[in-house]
Amino acid sequence: MFEVIGERINTSRKLVQAAVAERDADYIIDDVTKQQEAGANYIDVNAGARIGHEKEDMTWLLDTIQPIATVPLTLDSPDPAILEMAFSMVEKTPMINSISLEKERFDAMMPFLEGKECKVIALCMDDSGMPNSSGDIFGRAKTLVEELNRISIPTAAIYLDPLVQPISTDSTKGVMVLDAVRAIKAEYPEVHITGGLSNISYGLPQRHIINRTFVTLMMAAGMDSAIIDPLDKKIMATIRTSDMLLGYDDFCMEFLKGVRAGAIES
Ligand code: THG
């Protein structure tokens, strides 16, 4: 079944930033509780937006969230030192977000990940920037899987993020990532595919319908996880329905449960 990584605890969101600045634990606890109730399988925690405060903000967020977390956390930072500190604080085996092929980040992350039991998001990014073709995405994915396997991270613990780019400036950006996901899953059936989706609709109106349609296409290609807002009822219903139609919902149990709970409607 599809795994939802709840994206809401991110200081780039105004209300979260204010809650973190004021150390408003009730706000954070309420938000995490709602994400869990809505079906989040992981809670992403990103404290990067208050420049110069990431370390103490991440520490406070983890101290606040852990006592009420029923699911594991996705520790989200570009800074390997923050990820290392956060890793040492969590009780449940976390997901690390992220490693990439950018040299500085890669070189710092590899020794840290070696021998660790955790899941890891691997961005198809290198020092030349965003990928420019499906072959580019595939090549980077292959390098990441091989390198992580070499330090004993099993393929099934790797969540590749192919990096979705806006379709508004280049109409091939949708098929580019869809083709890449199909190629990656053909080569590595056990690897997971995740990532943010909303970049696809950047610069266009009515973004939610674009994001929802795109997640269905991505799921058909092999995406089995995404970093999204689990309180967005429509995208959650689209994901549950697509999961069923793709054969991941035995006896349509989860779909029927969602309908009975009022989470899925026509
Ligand atoms: N891949 C990986 N990790 C990621 C991303 C990714 N982590 C961060 C980000 N992208 C995913 N998380 C969020 C969190 C919140 C929002 C978007 C993505 C969000 N944005 C509102 C907006 O842009 O309109 C902010 C509005 C507000 O201020 O509340 O909510 O791609 N591996």
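Read the numbers this way: they start at 1 and go in the same order the structure lists the ligands and their atoms. By convention here, the first residue in the shown sequence is residue 1. Note that the structure is predicted; figures quoted are calculated from it, not measured.
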### Message
Going by side chain to side chain donor-acceptor pair (under 3.5 Å), R8 matches just one of N46, D232, D31. Which one?
### Response
D31

### Query
Going by atom types only, do D79 and S77 share a side-chain donor-acceptor pair under 3.5 Å?
no

#### Entry: Nearest protein heavy atom with distance in Å, relative to atom 11 (C) of ligand 1
I227 CG2, 3.8 Å

### Task
Determine whether more than 12 heavy atoms belonging to other residues, nucleotides or ligands lie under 6.0 Å from atom CD of E104.
no

### Shortest protein contact, atom 21 (C) of ligand 1 (heavy atom only)
R13 CG, 4.9 Å

### Task
May I ask you to identify the nearest protein heavy atom to atom 28 (O) of ligand 1, giving residue, atom name and distance to one decimal place in Å?
K14 N, 3.1 Å

### Task
Could you say whether the N/O atoms of D76 and ligand 1 ever approach to under 3.5 Å?
yes

### Task
Mark whether atom 7 (N) of ligand 1 lies under 4.0 angstrom from at least one protein heavy atom.
yes

### Summary
Among non-hydrogen protein atoms, atom 1 (N) of ligand 1 lies closest to D161 OD2, 2.7 Å

### Query
Does one side chain, of R140 or S128, offer a donor that lies under 3.5 Å from an acceptor on the other?
yes

### Task
To the nearest 0.5 angstrom, please state how far the CD atom of Q66 sits from the CG atom of L61.
11.5 Å

### Message
Yes or no, since that's all I need: does a protein heavy atom fall within a distance strictly under 4.0 Å of atom 26 (C) of ligand 1?
### Response
no

### Query
Quick one: does R23's side chain have a donor or acceptor within less than 3.5 Å of a partner on V20's backbone?
yes

## Note on the structure
At under 4.0 Å between heavy atoms, what of V164 touches ligand 1? The answer is neither

### Query
At what distance is the nearest protein heavy atom to atom 32 (N) of ligand 1, and which residue and atom is it?
N97 OD1, 2.9 Å

### Query
Between D76 and T74, is any side-chain donor less than 3.5 angstrom from a side-chain acceptor?
no

### N or O pair under 3.5 Å between D44 and ligand 1
no

### Query
Which atoms from ligand 1 have a heavy atom of L123 less than 4.0 Å away?
32 (N)

### Query
With no hydrogens and no angle check, do the side chains of D161 and S98 hold a donor and an acceptor under 3.5 Å apart?
no

### Region of T194 that comes within reach of ligand 1 [heavy atoms, distance under 4.0 Å]
neither

### Task
Provide, to 0.1 Å, the distance between atom 31 (O) of ligand 1 and the closest protein heavy atom, together with that atom's residue and name.
G196 N, 3.3 Å

### Summary
For I121, the ligand 1 atoms with a heavy-atom partner under 4.0 Å come out as 32 (N)

### Query
What residue and atom, counting heavy atoms only, is the protein's closest point to atom 9 (C) of ligand 1, and at what distance?
N10 ND2, 4.7 Å

### Message
If you measure every N or O of S198 against every N or O of ligand 1, does any of those distances drop under 3.5 Å?
### Response
no

### Task
Determine, for D57 against R50, whether the closest basic-nitrogen to carboxylate-oxygen distance falls under 4.0 angstrom.
yes

### Query
Got a protein heavy atom sitting under 4.0 Å from atom 18 (C) of ligand 1?
yes

### Task
Answer yes if the side chains of Y159 and E3 hold a donor-acceptor pair under 3.5 Å, and no otherwise.
yes

#### Entry: Six-ring centre of F87, K116 cation under 6.0 angstrom, axis tolerance 45°
yes

### Query
Evaluating non-hydrogen atoms only, which member of R207, E7, R8 is closest to atom 14 (C) of ligand 1?
E7

